[in-house]
Structures are given as structure tokens and as C-alpha cells.
Amino acid sequence: MNSEPELKAAETTRAGAETCKQCHQKVYDNYLHDKHSITSRPVKNDDIVKNAIPKSDAYPFTKELKVVVEKRKDGMYQVAYFNGEKGIARRFDVAFGSGKNVYTYGSWTGNGMAQLPLSYLRSINDWVNSPKFPKDRPYYFQPVEPRCFECHSSKLEYTPIENKGLSVGVKMEEKSLIYGIDCERCHGPAGQHVEFHIKNPEEKQSRYITLYKSLTRKQKIDACAVCHSGNSQHKLQPTFGYKPGEDLAAYYAERADPVYAGAEPDVHGNQVHLMEKSQCFIQSKSLDCSTCHNPHSSQKEGLTVYSKKCMSCHATIKHSEKTLSNAMVKTNCIDCHMPLQPSELISFQQAGQKDVTPYMLHNHRIAVY
């Protein structure tokens, strides 16, 4: 029934992004400039915040209590001090986030990972208390759940830890972690694809791999929604097993809880649901995430670049005289129609400040505000 040569690789066999660049060098090089590729990364030596220098090396919680960032022989640490006496210390092991807005950090602790008390906020170029952490003391025991890795990495093997039939945590396999969102997270496992084309170099049509252009509009959006549909949904199964083209409904279910049912999608991580509320999306048959975003592009996409994409459909739009008096109107559609708004889920506490610092992100509900 299958005339192709028998392949040793299975449907779930990964090839690794380094393998992809053998035939797709340009695409691979461009991908390395995309934020997806560094949404998680190992912290090595004193490389804590790439291309950034914090104003200080300490965060005071009270007059007596502070956390100091220190360099030690085996890496960088967040060390608690009480009246000058050293307390708990945890190493920077993993940085989460691309660094465009913020970095937060994890430290391996036996079977799992704990989030460190200090995060780095680029807008103030300094350390802040990690989101939802106690204001008056450093907290070193917040577990980093597998769900965090499902949106910030490409693979992590883990198993539940049970006690008398109750789940009390997970055991993570550190060596299995694949950092960032790599080629196979978006195109599916490439083991069979690589094996086939190495054996058949004359075959130019891609086999055993998902091509984004071959997907339907819903399938394209689902592929992005794996990570960009927020945390308000109930997870049915780990999304590391999701393959582009599958129905995402097999992995997520809408929550019926009243607290979620009428809530506006948060600007952090819920770009898909916000986009789907836009008239641009509702009235279009082709608009999807890739209309504006290209993870294979090495071009730095700023507001002007995105605005040109808006103008490709709205070149004849008429603004009021007051709006036209703003010189930015022709080069910046985004700040008006996709304004920066604070996340309701994430905010940061600065040292000595009563009010929290909001985490500002562009709202993907394109509209007149």
C-alpha cells in the first residue's frame, strides 16, 4: 500500500533544529532573529540579561532584608541577606522571556524548577519582585509548572509525582528540555522528513513535514493558539504532543467558570482570542497571525512595518481633521488601533514603591478605541 522505502524514524521522531539548517540555512538564520527562538534559554556564567545592565545588583524588601545578585564559581545567584547575614541562595539556571520586555528566571531544584524572586524589567532597566510574589520578603519556592514550559520551550519530559493516589507535583527531566520555540514545534517532528530526503535527494517536494501554507485558516491559527490563547482554558492533555494541522480542541476546552466566561481575554498570551474579536478578522476570510507576523524574517518589525501592513488593506481610510493633524497617523496605526494596555495577570513590584508597575502589551483586538 505504501510504495515509499521503509523509514526507521517514527512520526514522533525529532530531528533537531541544527539538522534543519543543512537544507534550510537561510530560513534557519532568519529564525534565529525571531523572539520565539529565545523565549527560554539557559543562563551561563554572568550572561543574566542579554544586552542589558541593571542599575543595581540588589533588591531591598525591607531595611533588614534584601536579595543580592552575586557571581560565584558555578554561575550567578540570587542570595537573600538579613541584617547582612547570608541566607538562602539559588542559581540562575533558565531565563524565560525573549528579553524584549522582561526576563524572569528559574532554578533547578531536585525533581523540578522554582521561580526566582527577582525578575528583570527592561522598561526601568532594573530588578523587580517577580509577579504575584510576596511584597515584604523573597520567595524561593514557587514551582515553575510544565504549562510554563509548554509555551516557552519545545520539549520537556515530565511525570506526575503521586502520594496515596494524589498528585503532589511533577518530576522534570532536565536533560530533555529543548529551549525556545524551534522549527519542529511549528512544523511537527522532522525525523521522517530528514530521513526520507537524505535517502532521496532528487525529491524536491517536501515530504513527512507540515507546510504552513498547506493548512487551512483555522489550522494556521490553531498552530499559534497552542501558546497564544491564554490560560483561561482547561488543558485536556500536554500540548507538547500537538502537531500542526490537528484540532486544538483535543488539547484545550473552554472553561465554563463564571470568573472566566465573561472575562475579557488578557493582553498577555491571549492574542488569538483578542484578534478573533476584531472586525478585521471577522470580515476577512484570510486574515490570520501570519498576515502580520513572519517568524522566518530577519527584519526587525517595528510599528511602521506593521502599519504598512494595515495600510495594504486600509489605504483609503478617512480620518478626522484632528486625527490627521498627528504626524504619526501615516506611520503608526498600531498605537491607536492596538493600544498598549496593562495585563491583569502580570505586574511587577519595584523596590520602595507602593503601586505596582504594569506589564504593558499591545491589545490584539484591532478596533477604534
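Side chains included, hydrogens not; waters and symmetry mates left out as well; all remaining heavy atoms used.
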State whether a side-chain donor-acceptor pair under 3.5 Å links [X] with [Y].
| X | Y | result |
| --- | --- | --- |
| T104 | Q115 | yes |
| H187 | T210 | no |
| Q353 | T357 | no |
| H296 | N294 | no |
| H273 | N270 | yes |
| E70 | Y81 | yes |

Open item on the list: To check you understand the geometry: which heavy-atom pair defines the closest contact between Y252 and K235, and what is its length?
Closed with: CD2-CA, 4.1 Å
Task: H337 ring center within less than 6.0 Å of Y306 ring center - done: no
TODO: Tell me, please, whether Y77 has R72 positioned over its six-membered ring: NZ or CZ under 6.0 Å from the ring centre and within 45 degrees of its axis?
DONE: yes
TODO: Taking the six-membered ring of Y105 (Phe, Tyr or Trp), confirm whether the NZ or CZ of R90 is under 6.0 Å from its centre and within 45° of its axis.
DONE: no
All N/O donor-acceptor pairs, side-chain side in residues 91-100, below 3.5 Å, sequence neighbours left out:
from: R91; atom 1: NE; to: D93; atom 2: OD1; distance (Å): 2.7
from: R91; atom 1: NH1; to: D74; atom 2: OD2; distance (Å): 3.4
from: R91; atom 1: NH2; to: D93; atom 2: OD1; distance (Å): 3.2
from: D93; atom 1: OD2; to: W108; atom 2: N; distance (Å): 2.8
from: S98; atom 1: OG; to: K100; atom 2: N; distance (Å): 3.3

- [ ] For the pair Y28 and Y31, name the ring-plane relationship: parallel under 30°, tilted 30 to 60°, perpendicular over 60°.
- [x] tilted
Task: Listed partners of H268 passing side-chain hydrogen bond (donor to acceptor under 3.5 Å, both in side chains), at least two apart - done: none
Open item on the list: I'd like to know whether CD of E64 has more than 12 heavy-atom contacts from other residues, nucleotides or ligands below 6.0 angstrom.
Closed with: yes
TODO: Answer yes or no: does atom NZ of K308 have more than 12 heavy-atom neighbours from other residues, nucleotides or ligands under 6.0 Å?
DONE: no
